[in-house]
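These notes concern the structure reproduced below.
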Amino acid sequence: MSSTVLEIKNLHVSIEDKEILKGVNLTVKSGEFHAIMGPNGTGKSTLASAIMGHPNYEVTEGTIKLDGEDVLEMEVDERARVGLFLAMQYPSEISGVTTSDFLRSAINAKREEGDEIPLMNFIKKLDWDLEYLDIDKNMATRYLNEGFSGGEKKRNEILQLLQLKPDIAILDEIDSGLDIDALKVVSKGINKMRSDNFGCLIITHYQRLLNYITPDFVHVMMQGRVVKSDGPELAKRLEAEGYEWIKEELGIEDEETAEQNA
Ligand SMILES: Nc1ncnc2c1ncn2[C@@H]1O[C@H](COP(=O)(O)OP(=O)(O)OP(=O)(O)O)[C@@H](O)[C@H]1O
Ligand SMILES: [Mg+2]
């Protein structure tokens with residue numbers, strides 16, 4: 001059994017000189033499911049992009065470590081190789097590369113040279129996962145995400161998750177735009193990954209996903225920081241009451257008010 005720890009400390013991230021993340025602290029270990037909730041524009045996707053090394057996001061302070069190794073020093077493809085995975089809020093279309101080819105190269109990129117996955121094994125596992133996720137087989141031969149519906153893209157992200165078996169996954173609004181059946185299938189896929197060797201950070205706006213996937217921890221992100229962490233009951237309270245009570249409880253001012261008072 002291997003245990004993996006993703007440790008984010010005092011992370012500050014800017015986009016075009018505007019500071020978006022203002023000191024994020026968060027630790028995700030394999031075996032744990034974490035949910036991050038929070039109002040629009042508070043930096044949840046920015047956190048995901050910074051972990052994966054998106055070039056537009058400049059880390060100005062703080063650290064991201066995976067088992068003590070400095071993730072910020074790693075190239076983007078290296079981050080995937082060491083076991084990190086991101087399902088993006090808006091998955092990109094890759095014209096000219098089929099879903100199947102994409103998956104096979106991504107799997108092989110994580111393996112040693114000369115130890116590529118045998119084609120038959122790949123096809124067998126792919127067929128199995130497609131069926132498990134109730135995805136049309138033709139999808140594998142279509143260009144990745146090109147012309148996929150919103151829900152099909154999300155299902156495809158979960159296909160990648162099952163195929164690549166990362167140690168730590170960040171799922172950014174994997175539930176957005178899903179119909180009820182798709183929500184169940186996507187949840188089934190994520191739950192299938194549950195093991196001592198897999199940790200997950202689920203960014204979501206809705207408790208409904210968490211009815212299917214029980215998180216061990218729920219974090220609230222506001223104004224570029226994780227301001228509150230608790231158990232799954234926190235998500236239920238947010239769903240019922242929104243975010244105002246947290247601002248009051250923690251004495252957080254609205255950003256405009258804070259700027260005026262500064
Ligand atoms: N490339 C960019 N250029 C300029 N501003 C950006 C860029 N990317 C993000 N931002 C800004 O950073 C802030 C945080 O955005 P982010 O996407 O991280 O929010 P979020 O918490 O994921 O919101 P949502 O819940 O709506 O997905 C927003 O104000 C957004 O406009
Ligand atoms: Mg977002």
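When a ligand or atom number is given, it counts from 1 through the structure's own listing order. Heads up: numbering here begins at 1 and tracks the sequence. What you are looking at is a predicted structure, and each value in this text was computed from that prediction instead of being measured.
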Output yes if Thr46 passes the N/O/S-under-2.8 Å test against the Mg ion (ligand 2); output no otherwise. no
N/O/S atom of Gln89 inside 2.8 Å of the Mg ion (ligand 2), strictly under: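 For Gln89, the answer is yes, given that an N, O or S atom comes within less than 2.8 Å of the Mg ion (ligand 2).
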closest protein heavy atom to atom 3 (N) of ligand 1 is Ile15 CG2, 3.4 Å
closest protein heavy atom to atom 29 (O) of ligand 1 is Gly41 O, 4.0 Å
Closer than 4.0 Å to some heavy atom of Tyr57 - which atoms of ligand 1 meet that? 8 (N)
For ligand 1, which atoms sit closer than 4.0 Å to a heavy atom of His205?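 With His205 as reference, the close atoms of ligand 1 come out as 25 (O).
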Ignoring hydrogens and angles, state whether a donor on the side chain of [X] or [Y] is under 3.5 Å from an acceptor on the partner side chain.
| X | Y | answer |
| --- | --- | --- |
| Asp167 | Ser30 | no |
| Gln89 | Ser45 | yes |
| Asn156 | Gln160 | yes |
| Ser95 | Glu146 | yes |
| Ser105 | Asn108 | no |

Considering [options] one by one, which has a heavy atom nearer to [atom] than any of the others?
| atom | options | answer |
| --- | --- | --- |
| atom 11 (C) of ligand 1 | Ile20, Leu47, Asn40, Val13 | Ile20 |
| atom 18 (O) of ligand 1 | Ile203, Thr46, Thr42 | Thr46 |
| atom 22 (O) of ligand 1 | Ser45, Ser49, Ala50, Gly224 | Ser45 |

Can Leu126 be reached from Met193 by stepping across I, L, V, M, F, W or Y side chains whose heavy atoms are under 4.5 Å apart?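 Shared cluster, yes.
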Contact partition for Gln89 relative to ligand 1, non-hydrogen atoms under 4.0 Å: side chain
Glu173 contact mode with ligand 1 (heavy-atom cut-off under 4.0 Å): side chain
Would you call Gly38 a ligand 1 contact, heavy-atom distance under 4.0 Å? no
Phe33 ring centre to Arg194 NZ or CZ under 6.0 Å, with the angle to the axis within 45°?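 Yes, Arg194 lies over the aromatic ring of Phe33.
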Whether Lys192 engages the ring of Tyr132 as a cation-pi pair (distance to the six-membered ring centre under 6.0 angstrom, angle to the ring normal within 45°) should be assessed. yes
